[in-house]
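Worksheet: the structure to be examined is printed underneath.
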Amino acid sequence: MSEQDTELETHLNEQEVFEPPQSFVDQANVSDPSIYEAFEENWPACWENAAGMLDWFEGYNQVLDESNPPFYEWFTGGKLNASYNCLDRHLDDRGDDVAIEWIGELGETRRYTYLDLHKEVNEFAAALRGLGVEEDDVVTLYMPMVPELPIAMLACARIGAPHSVVFAGFSADALATRMNSADSEYLVTCDGYYRRGEIIEHKEKTDEGVSGVDQNVTSIVVDRLGDEYDHSVQERDHDYDALIRNHTGAEVDPVARGSEDMLFLMYTSGTTGEPKGVQHSTGGYLSWAAWTSHAVLDIKPEDTYWCSADIGWITGHSYIVYGPLALGTTSVMYEGTPDYPEKDRLWEIVDTYDVNQLYTAPTAIRAFMKWGEQYPNEHDLSSLRLLGTVGEPINPRAWKWYYKHIGDESCPVVDTWWQTETGGMMVTTLPGVRDMKPGSAGPPLPGVDAQVVDESGEEVQSQGAGYLTVQQPWPGMLQTLYNNDERYIEEYWAEYSDDQDKWVYFPEDGAKIDNDDYLTVLGRVDDVVNVSGHRLGTMEIESAVVGVEGVAEAAVVGGHHEVKGEAVYTYVITEDGQTDNEALRERIITAVEDAIGPIARPEQVIFTPELPKTRSGKIMRRLLEDIANGDELGDTSTLRNPEVVNDIKVNASDD
Ligand code: WTA
């Protein structure tokens, strides 16, 4: 490195505030700073700006109906269709523009113009109807990153059948739990897919899952691997390609859905072992996905935009499918991993397709940093105009690396805080308006009333830490938890809402606030770990571990991990008291993978004679976290069995 470079590097390391580049501001979708004040003064009418991004079959008569909180209703009386908004309305102006640019892991590509996508969505919608799917039937989609996944989502939306996408990496058991919970009788799946060049079979896992489903299932199988791969075929299976052939040229009128009719379900992890069926509306959700894509990701129809998440998570729903397609842009969809065939795969794609916005996760950025800047340096990344991150806190060093080595110090970086439940972004800088502070997500978006509060719910003034809350409803918010209004209130609204009439949403995250009202989200305060930006419930993992023969008791916590952010640490008491049992360790790991999927695989299984417990018998997870992180131990005075801490430390370091 030259002396000048070193000087630059030092300067960058010390810099805490970054202004948005003027060239970006000049062309930004939103660049008027008065938007914050205007939205506050004009709340909730300001959200007509979001609804106005969509085409409505019938106009709404009320922006927000607050008559039955916390069951808020948005754009009531309005009617619309998500598939119409993502497809039909673009056909006249840009039918021949690319909607989805799909890149397979092995290098094959498929390009869908808006006309192509409209055609196949219509055909598949007709096929679903032909198989008996009716409005409001939940259709489960258990597929990896193949174009048929967004096609199936939009086909469901077209006929008013809510979809429930289950991440393809989840296990057979996880599929069964979700299908049972949603009473879902229809399933779209595929034969298999590729990971780092290897075939991952998917159909057998699907079949195993379906065998645990209580209701009869009709399934549709996409052929991803071609004729050479012979997967099992069941009586309930229909071939996707054959269905499309049988419905060639079919057109299905988009069903007019009420604004508050369900668009989809997405299961996510929470405090208890049961996954939560987060339910999203059509009007509020789609408005939110479109408006945030416009205001934060700065998407314009002529852009080529890329979110590298998986559609199996909320990020892919809102920011690969619904938001970008509602705005009529080109959305890139990549099937594979960032290091296959080489560690420059992402940069090669940015270079080849002239990608304008890249939206990815801090865990990926930390991996890129580790691999080194030579990989991005091999490519021309000058098409990039904006960078984004989501899913977990980003450390300032990774932020600056991203800003410098990917963005060439000329792209704003938006660090976006949000959740499955919020439907879309909530806290982040408007890239054409606000300065950026590495490590801090930024101020709440205009019209979003996010506040940090203390234990008693009092607002923490500038420069304090506490709990993140949202004090006013917003259009993208979940409607409820599927079939469980009580749990919806208990999980999100019970903590900080007082008995009178103020309802406060609690996302279960801790946060800090600074003098400029910038928020730094510190992470979950409930029993959820965030592994590579994937949200996993420690209770779900624990219940898999204690189900293994030979395990007497178990506790699961998240420990720091250099690349993944957090990793799963499992502390186990064995029935026979043994603290060294390789075979049992393997069985525990397999049990977790079977119950949830490989993403939940424990990083460490630590056998211990006892777990630290309070006098009332509760496991002190906080102490186990300290041990996992090698931190100074917190207060141990409330322990019933303080000596156990040393035993655990010894066993952990033996590993
Ligand atoms: C965490 C993903 C810090 C947070 C969209 C949240 C973040 C959980 C950020 C939601 C961020 C997400 N900074 N933490 N920018 N974004 N999180 O439901 O703990 O999969 O509660 O939604 O991820 O995860 P979920």
Side-chain angles (χ1 to χ4, degrees), residues 165-167 169-170 264-271 275-280 285 288-289 292-293 296-297 307-320 322-323 359-366 387-396 398-399 402 413-429 436-445 448 450 452 465 467-470 476-478 481 491-492 505-513 518-538 558 564-566 599-600:
V165 177
V166 177
F167 174 58
F170 274 145
F264 67 86
L265 278 179
M266 165 119 261
Y267 281 87
T268 188
S269 299
T271 306
K276 307 190 273 198
V278 172
Q279 181 178 323
H280 278 292
Y285 168 83
W288 198 248
T292 49
S293 295
V296 180
L297 297 171
C307 165
S308 72
D310 192 295
I311 296 177
W313 307 100
I314 191 70
T315 304
H317 277 52
S318 303
Y319 300 113
I320 296 177
Y322 286 114
Y359 190 34
T360 190
T363 186
I365 297 166
R366 289 191 295 265
L387 302 173
T389 78
V390 58
E392 39 173 334
I394 181 163
N395 45 312
W399 191 103
Y402 194 34
V413 175
V414 285
D415 170 1
T416 61
W417 175 86
W418 58 290
Q419 314 179 289
T420 305
E421 291 85 345
T422 68
M425 301 159 180
M426 298 289 282
V427 176
T428 182
T429 48
M436 301 163 266
K437 300 187 188 182
S440 159
L445 282 173
V448 170
V452 179
Y467 303 94
L468 188 58
T469 59
V470 187
M477 67 193 296
L478 75 166
L481 292 177
E491 294 263 2
Y492 304 108
Y505 174 84
F506 181 41
E508 304 267 4
D509 273 313
K512 281 193 310 197
I513 186 161
Y518 275 50
L519 300 171
T520 297
V521 179
L522 301 167
R524 305 282 303 193
V525 295
D526 60 355
D527 298 317
V528 166
V529 280
N530 193 330
V531 179
S532 302
H534 299 148
R535 181 170 156 183
L536 303 169
T538 51
K564 297 178 188 169
E566 279 189 295
I599 43 164

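Start at 1 and go down the list; that is how both ligands and their atoms are numbered.
Taking the six-membered ring for Trp and the full ring otherwise, the centers of Phe506 and Tyr492 sit at least 6.0 Å from each other. Aromatic rings of Phe170 and Trp313 (six-membered ring for Trp) have centroids within the 6.0 Å cut-off, being under it.
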Could you please spell out the steps behind the side-chain contact (heavy atoms from CB on, under 4.5 Å) verdict for Gln419 and Arg535?
CA-CA 10 Å; Gln419 314 179 289; Arg535 181 170 156 183; 4.3 Å; yes

Assess the residue pair Tyr285 and Ser318 against the criterion (side-chain hydrogen bond (donor to acceptor under 3.5 Å, both in side chains)); give the C-alpha distance rounded to whole Å, side-chain angles, the decisive distance to 0.1 Å, and a yes or no.
CA-CA 9 Å; Tyr285 168 83; Ser318 303; 2.7 Å; yes

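A heavy-atom distance below 4.5 Å is not found between the side chains of His534 and Lys564.
Listed as neighbours of ligand 1 are Ile314, Thr315, Val390, Gly391, Glu392, Pro393, Asp415, Thr416, Trp417, Trp418, Gln419, Thr420, Asp509, Val521, Arg524, Asn530, Arg535, each bearing a heavy atom under 4.0 Å from the ligand.
When each of Phe264, Trp288, Trp418 is tested with His317 by the rule ring pair (Phe, Tyr, Trp, His ring centres under 6.0 Å), just one qualifies, namely Phe264.
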